Amino acid sequence: MYKVRRWVVRHSRFFEAVYRTFEPVIIKLHPVWKRIGYGRVEAPVRFVEKNVKGFLFDCQMCGKCALSSTGMSCPMNCPKNLRNGPCGGVRANGHCEVEPEMRCVWVDAWEGSQQMKGSDKIHAVQLPVDNRIKGSSSWLREVRQVVETHDPDSPAN
Amino acid sequence: MKFDDEPVPGYSLPILPGHTSPGRFERVLRAGKFAITSEIDPPDSADPAEVLKRAAVFDGYVDAINATDGSGANCHMSSVGVCSLLTRVGYSTILQISCRDRNRIAIQGEILGAAAMGACNLLCLTGDGVQAGDHPQAKPVFDLDSMSLLETARTMRDESRFQSGRKLTSPPKLFLGGAANPFVPPRDWRPHRTAKKAAAGAQFIQTQYCFDVPLLREYMAKVNDLGLLEGPNRIFILPGIGPLASARGAKWIRENVPGVHIPDAVIKRLEGAENQKEEGKRLCMDLLQEIREIPGVSGAHIMAYRQEHAVAEIIEKTGVLEGRVPWYPGRDNPEDLNPESPDALSSTPETV
């Protein structure tokens with residue numbers, strides 16, 4: 001919902017803190033995910049992720065969540081799906097070139113990012129989305145990635 | 001026309017140390033000259049003569065010609081087609097690629113094809129939304145964005161591989177560029193975004209139309225503070241300018257063309273003039289003079305849509321080239337003139 005996601009961006013620092021608490025928890029649960037099997041746990045986790053993030057951020061389930069680098073404003077809501085900042089068509093009132101009623105996702109992202117501890121993360125170049133992972137849980141992927149980088153000998157699969 | 005003992009039109013120059021492309025445009029910039037670029041509005045036609053005719057207008061006045069890629073989301077001849085035609089007679093071109101119409105497979109193929117046809121410069125753009133053009137019912141692609149396009153092109157050039165990792169046998173030797181619009185929100189981010197583009201591979205920047213010099217000055221100062229204008233990986237910034245045809249036209253552009261910021265003072269100046277078209281040109285010349293004085297500016301990009309003939313006058317009267325005559329086919333040897341150049345009409349082609 002547009003109003004909710006605008007509210008979230010205004011409180012980006014709070015949501016950053018929430019995520020910072022939440023991330024280690026799901027990573028700690030790795031043995032549980034592994035025991036159930038990442039394949040089997042994918043569907044329920046995806047369901048929760050889709051609904052929670054859908055409500056808060058209008059998440060499009062791109063599979064490669066960048067919210068902590070984009071001021072908690074989901075870049076996939078940009079009609080051009082830009083992942084690295086605003087295009088040159090932003091209107092003088094800060095609204096979108098394509099959808100004049102909507103505030104530019106990246107104008108919001110900039111404001112949101114400046115309130116966050118990780119305000120520098122918005123300057124890092126984001127790689128394009130891998131279309132194969134669209135619709136899958138980015139939480140579980142994150143866990144697997146973290147576990148694999150810390151302990152490359154024990155693949156999370 | 002000759003077929004023997006003739007340098008191939010559009011031949012590449014040796015790549016000098018510190019350069020990445022075999023093109024003239026990069027050489028002019030790195031030599032510290034004030035560079036001028038302009039753009040061709042590609043024809044709605046399959047006739048190569050129309051492209052050459054449009055290029056001949058700039059003979060002796062520009063260092064490179066941008067070939068737009070479906071500008072304003074309107075359908076025209078492809079930028080690769082235009083570049084190929086122009087490099088065949090020796091013009092220095094800037095290939096524009098927008099992310100709106102093609103996915104990464106098509107774009108990377110296009111980069112190789114264009115480089116093989118002699119395009120030495122690539123301007124990586126996001127592209128206008130499809131709603132702005134003549135095919136609003138089209139599917140917007142946006143598989144990449146301008147930043148990841150830059151990164152992809154740089155990877156192809158420097159690491160000689162596709163985004164997939166697959167090796168290229170011969171990489172495209174390109175001078176890479178991006179766009180900037182310092183005149184629209186979020187303005188305090190715009191210099192940082194340029195820095196991000198530089199990090200992704202941009203070596204030159206062409207900006208949106210500038211009608212507000214103080215804003216440009218502010219942007220240039222911040223870009224300089226970020227250290228982007230020095231060192232071997234420095235970027236070259238060419239602000240965009242152009243003549244406005246009338247106050248009414250200016251108002252229309254302001255309201256209908258996304259991203260063009262025109263201050264009220266500009267419109268008032270045009271309204272107060274007897275001949276608005278002449279005043280538009282004079283305004284453009286004034287802007288060019290002012291922009292040239294801003295520290296760190298490396299040149300100017302003149303976009304004179306439907307007033308292409310005015311470019312020569314603007315450059316001539318402002319004297320920004322300081323007597324330099326940028327190379328064009330036939331500059332040193334009239335036999336090599338662009339066949340569609342008005343000066344070429346007198347000479348009859350030899351039979352083969």
Side-chain angles (χ1 to χ4, degrees), chain A residues 9 12 60 62-64 66 69-71 73-116 119-134, chain B residues 72-73 98-100 103-104 107 125-132 136 140-152 154-155 163 178-190 192-201 207-209 226 240 254-255 257-263:
Chain A
V9 171
S12 58
Q60 311 285 317
C62 70
K64 198 178 174 190
S69 306
T70 61
S73 172
C74 172
M76 300 315 273
N77 289 313
C78 163
K80 298 182 185 176
N81 289 169
L82 302 185
R83 295 188 58 97
N84 280 293
C87 69
V90 182
R91 289 164 195 268
N93 62 0
H95 281 227
C96 171
E97 158 199 340
V98 182
E99 292 176 31
E101 299 306 310
M102 180 178 83
R103 197 146 187 272
C104 168
V105 167
W106 284 102
V107 171
D108 274 349
W110 175 245
E111 288 171 9
S113 73
Q114 295 311 291
Q115 302 167 23
M116 287 163 59
S119 59
D120 279 353
K121 285 170 83 179
I122 200 161
H123 299 310
V125 178
Q126 298 283 334
L127 297 175
V129 171
D130 179 341
N131 277 282
R132 290 168 300 183
I133 59 173
K134 238 179 196 172
Chain B
S98 99
C99 297
R100 179 191 55 241
N103 69 6
R104 58 194 92 179
I107 286 177
L125 301 167
T126 297
D128 296 291
V130 292
Q131 90 291 340
V141 180
F142 297 113
D143 186 29
L144 303 178
D145 59 24
S146 56
M147 208 72 72
S148 42
L149 172 55
L150 272 167
E151 180 93 39
T152 303
R154 202 224 350 229
T155 307
Q163 202 190 76
N181 189 352
F183 314 106
V184 294
R187 276 205 293 270
D188 47 344
W189 190 9
R190 296 289 172 179
H192 295 283
R193 185 161 156 74
T194 299
K196 199 169 171 179
K197 287 201 174 171
T207 81
Q208 179 57 278
Y209 282 110
L226 290 168
R254 179 156 82 166
E255 271 146 42
V257 182
V260 182
H261 160 72
I262 305 179

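Here the structure is a predicted model, which is why all the values come from computation and not from measurement. No hydrogens, no waters, no symmetry mates; every other heavy atom, side chains included, goes into these values. Chain letters run A, B, ... following the sequence lines, proteins first, then strands; residues in each count from 1.
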| remark: Rounding to 0.5 Å, atoms CG (N84(A)) and CD (E151(B)) come to a distance of 9.0 Å
| request: Please look at R190(B) and chain A and tell me whether the side chain, the backbone, both or neither of the residue comes under 4.5 angstrom of a heavy atom of that chain. | output: side chain
| said: Heavy-atom pairs under 4.5 Å with chain A: which of T152(B), V257(B), D188(B) has the most? | reply: D188(B)
| request: Against chain A, work out which of Q163(B), Q131(B), K197(B) has the most heavy-atom pairs shorter than 4.5 Å and name it. | output: Q131(B)
| Can you tell which of G89(A), P128(A), G94(A) has the highest number of heavy-atom pairs within less than 4.5 Å of chain B? | P128(A)
| Which answer fits R187(B), side chain, backbone, both or neither, if we ask what part of it has an atom under 4.5 Å from a heavy atom of chain A? | neither
| task | Name the member of G88(A), P86(A), G85(A) that forms the most heavy-atom pairs with chain B at distances under 4.5 Å. | result | P86(A)
| task | Pick whichever of V98(A), V129(A), N131(A) has the most heavy-atom pairs under 4.5 Å with chain B. | result | V98(A)
| field | Heavy-atom pairs under 4.5 Å with chain A, option from H192(B), H261(B), Q208(B) with the top count | value | H192(B)
| For chain B, which residues from residues 106-116 of chain A have at least one heavy atom closer than 4.5 Å to it? | W106(A), V107(A), W110(A)
| Separation of L144(B) CG from R83(A) CZ (nearest 0.5 Å) | 12.0 Å
| message | How close do A124(A) and K196(B) get, counting heavy atoms only, and between which atoms? | response | O-CE, 3.2 Å
| field | Most contacts with chain A, counted as non-hydrogen pairs under 4.5 angstrom, among L125(B), D128(B), V141(B) | value | D128(B)
| field | Heavy-atom closest pair, residues K80(A) and F142(B) | value | O-CB, 3.1 Å
| task | Taking atom CD of E101(A) as the centre, report whether more than 12 heavy atoms of other residues, nucleotides or ligands fall under 6.0 Å from it. | result | no
| Atom pair CG/OG1 of N81(A) and T126(B) - distance to nearest 0.5 Å | 11.0 Å
| said: Quick check for you: among G129(B), A132(B), A180(B), P140(B), which has the greatest number of heavy-atom pairs under 4.5 Å with chain A? | reply: G129(B)
| task | State the SG-CG distance between C87(A) and D145(B), to the nearest 0.5 angstrom. | result | 10.5 Å
